[in-house]
Amino acid sequence: MPRENMTQKRERAAEIERRLFDCYGEGECSLDHADPFTLTIAVILSAQCTDAAVNKVTPELFARFGTPETMAHADVADIESIIHPLGFFRSKAKNIIACAQTVLADFGGEIPNDIDALQTLPGVGRKTANVVMCQAFRNPQGIAVDTHVFRIAHRLGFATRNDDTPQKTETKLLKIYPQRDWLFINHQWVHFGREFCSARNPKCALCPIADLCPSRAKH
């Protein structure tokens with residue numbers, strides 16, 4: 001694929017988004033949740049493990065500790081026993097209790113609809129904050145760059161080898177995609193990554209955007 005200027009890159013990105021929207025619509029969140037609080041907790045728990053694994057433990061977790069009030073006063077041992085199958089369960093248990101306590105103390109028991117305020121919650125980094133802003137509040141302030149988004153952004157040529165962190169990759173994507181699309185990209189690309197653009201053995205021959213991907217010939 002010839003070298004692109006920013007206008008050409010944005011035009012290619014727009015066509016990619018059009019096709020992925022045809023395939024996945026807005027995309028669905030893979031984490032089971034009922035409200036902004038349970039979403040925030042689920043995203044914190046999803047670090048270093050699969051969404052499917054999180055969904056196996058959250059029914060019991062949220063049945064017992066599904067509000068900031070109940071989780072803030074939970075015994076850490078009780079939380080650990082429920083989320084034990086997840087990686088880093090001890091630190092996650094401490095974080096989600098501290099998160100609930102901070103929500104109560106600083107935000108009146110409500111998850112804040114503000115990306116900077118969200119990042120003051122224990123266990124919440126920019127990726128988690130972006131997911132909550134898009135999924136819970138439909139107020140996109142960025143793009144959540146997880147392993148799928150990071151991989152796909154580089155394969156599509158929207159990020160380079162110098163963009164070696166999620167933050168750098170997000171910065172590139174925000175310049176290419178208009179804000180209205182930020183709402184959808186993470187969920188769409190997660191589904192696309194699982195179905196076609198996997199880390200190993202991507203299904204380029206079946207890919208709906210293969211003709212728009214400069215990495216196709218490499219796989």
Side-chain angles (χ1 to χ4, degrees), residues 10 13-55 58 62 66 68 92 95-96 99-100 102-103 107 109-154 156 158-159 163 165-197 209:
R10 287 171 176 163
E15 177 60 17
I16 289 170
E17 170 55 24
R18 186 190 68 78
R19 295 188 196 181
L20 293 184
F21 200 94
D22 285 345
C23 290
Y24 304 110
E26 295 187 3
E28 294 183 1
C29 181
S30 300
L31 291 166
D32 295 337
H33 63 281
D35 50 43
F37 176 71
T38 53
L39 173 65
T40 302
I41 298 304
V43 182
I44 293 172
L45 294 177
S46 71
Q48 306 298 317
C49 67
T50 66
D51 292 353
V54 174
N55 290 340
T58 50
F62 294 153
K92 288 179 180 180
N95 274 339
I96 63 176
C99 178
T102 304
V103 169
F107 301 106
E110 300 289 338
I111 294 293
N113 182 354
D114 180 275
I115 194 165
D116 295 323
L118 278 166
Q119 291 177 83
T120 68
L121 300 177
V124 175
R126 184 168 176 87
K127 185 195 80 170
T128 298
N130 275 327
V131 172
V132 174
M133 291 299 295
C134 288
Q135 179 67 23
F137 301 119
R138 297 185 68 82
N139 180 15
Q141 299 300 305
I143 296 171
V145 177
D146 56 17
T147 55
H148 292 285
V149 174
F150 186 86
R151 177 177 69 254
I152 293 166
H154 283 76
L156 289 175
F158 294 152
D163 303 312
T165 66
Q167 182 67 61
K168 291 179 182 178
T169 299
E170 182 188 4
T171 297
K172 285 291 185 67
L173 291 174
L174 297 183
K175 293 178 180 178
I176 295 168
Y177 281 91
Q179 188 172 10
R180 65 177 180 273
D181 291 342
W182 300 355
L183 191 64
F184 316 127
I185 288 175
N186 178 263
H187 291 334
Q188 289 173 342
W189 287 21
V190 167
H191 292 299
F192 172 68
R194 290 171 178 165
E195 186 173 0
F196 295 104
C197 200
I209 61 170

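Quantities reported herein were computed from a predicted structural model and do not represent experimental measurements.
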TODO: May I have the step-by-step check of side-chain contact (heavy atoms from CB on, under 4.5 Å) for C23 and Q188, ending in yes or no?
DONE: CA-CA 9 Å; C23 290; Q188 289 173 342; over 6 Å; no
TODO: Begin from the C-alpha positions of V103 and T40 and carry the test side-chain contact (heavy atoms from CB on, under 4.5 Å) through to its verdict.
DONE: CA-CA 11 Å; V103 169; T40 302; over 6 Å; no
- [ ] Please report the C-alpha distance between L121 and I111 in whole Å, then the side-chain angles of each, then the deciding distance to 0.1 Å, and finally whether the side-chain contact (heavy atoms from CB on, under 4.5 Å) criterion is met.
- [x] CA-CA 9 Å; L121 300 177; I111 294 293; 4.2 Å; yes
Per-pair distances, 0.1 Å, donor-acceptor, side chain in residues 126-141, under 3.5 Å, sequence neighbours excluded:
{"unit_1": "R126", "atom_1": "NE", "unit_2": "E170", "atom_2": "OE1", "d": "2.7"}
{"unit_1": "R126", "atom_1": "NE", "unit_2": "E170", "atom_2": "OE2", "d": "3.1"}
{"unit_1": "R126", "atom_1": "NH2", "unit_2": "E170", "atom_2": "OE2", "d": "2.9"}
{"unit_1": "N130", "atom_1": "OD1", "unit_2": "G142", "atom_2": "N", "d": "3.4"}
{"unit_1": "N130", "atom_1": "ND2", "unit_2": "R126", "atom_2": "O", "d": "3.4"}
{"unit_1": "N130", "atom_1": "ND2", "unit_2": "I143", "atom_2": "O", "d": "3.2"}
{"unit_1": "N130", "atom_1": "ND2", "unit_2": "E170", "atom_2": "OE2", "d": "3.1"}
{"unit_1": "Q135", "atom_1": "OE1", "unit_2": "H187", "atom_2": "NE2", "d": "2.9"}
{"unit_1": "R138", "atom_1": "NH1", "unit_2": "E26", "atom_2": "OE1", "d": "3.0"}
{"unit_1": "R138", "atom_1": "NH2", "unit_2": "E26", "atom_2": "OE1", "d": "3.4"}
{"unit_1": "R138", "atom_1": "NH2", "unit_2": "E26", "atom_2": "OE2", "d": "3.3"}
{"unit_1": "N139", "atom_1": "OD1", "unit_2": "Q141", "atom_2": "NE2", "d": "2.8"}
{"unit_1": "N139", "atom_1": "ND2", "unit_2": "N113", "atom_2": "OD1", "d": "3.1"}

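Distance check, rounded to the nearest 0.5 Å: CH2 of W182 to CD of Q179 gives 4.5 Å. Taken from CD1 in I209 to CZ in R19, the straight-line distance is 8.0 Å, to the nearest 0.5 Å. Taken to the nearest 0.5 Å, the CZ atom of F150 stands 10.0 Å off from the OG1 atom of T147. Note that the OG1 atom of T102 and the CG atom of N95 stand 10.0 Å from one another [nearest 0.5 Å]. To the nearest 0.5 angstrom, I185 atom CD1 is 10.0 Å from I16 atom CD1.
Among residues two or more places apart in sequence or in another chain, the side chain to side chain contact (heavy atoms under 4.5 Å, CB included) test is passed with T171 by Q167, K175. For D51, the salt bridge (charged side-chain N to carboxylate O under 4.0 Å, His left out) criterion is met by R194, not counting sequence neighbours.
Minimum heavy-atom separation, G123 to I44: O-CG1, 3.6 Å. T38 and G66 make their closest contact through CG2-O, 3.7 Å (heavy atoms, listed as atom of the first residue, atom of the second, distance). Across all their heavy atoms, C29 and L39 have their closest contact at SG-CD1, 4.1 Å. Residues D163 and H154 share a closest heavy-atom pair of O-NE2, 2.9 Å. The two atoms that bring F62 and A42 nearest to each other are CZ-N, 4.3 Å, heavy atoms only. The shortest heavy-atom contact between T169 and A153 is CG2-CB, 3.7 Å.
Using modelled atom types, no side-chain atom of Q119 and backbone atom of V124 make a donor-acceptor pair closer than 3.5 Å. K92 places a side-chain N or O within 3.5 Å of a backbone atom of A47 that can act as its donor or acceptor partner. Side-chain atoms of N55 come within 3.5 Å of backbone N or O of D32 as a donor-acceptor pair.
R151 and H148 share a side-chain donor-acceptor pair at under 3.5 Å.
Under the 4.5 Å side-chain criterion, counting only non-hydrogen atoms from C-beta, F107 is in contact with T120. Under the 4.5 Å side-chain criterion, counting only non-hydrogen atoms from C-beta, I96 is in contact with L45. Here the side chains of P178 and R10 are not in contact, with every heavy-atom distance at 4.5 Å or above.
The aromatic rings of W189 and F158 lie parallel to each other, with less than 30° between the two planes, well short of the 60° mark.
Open room surrounds CD on E110; 12 or fewer heavy atoms of other groups in view lie less than 6.0 Å from it.
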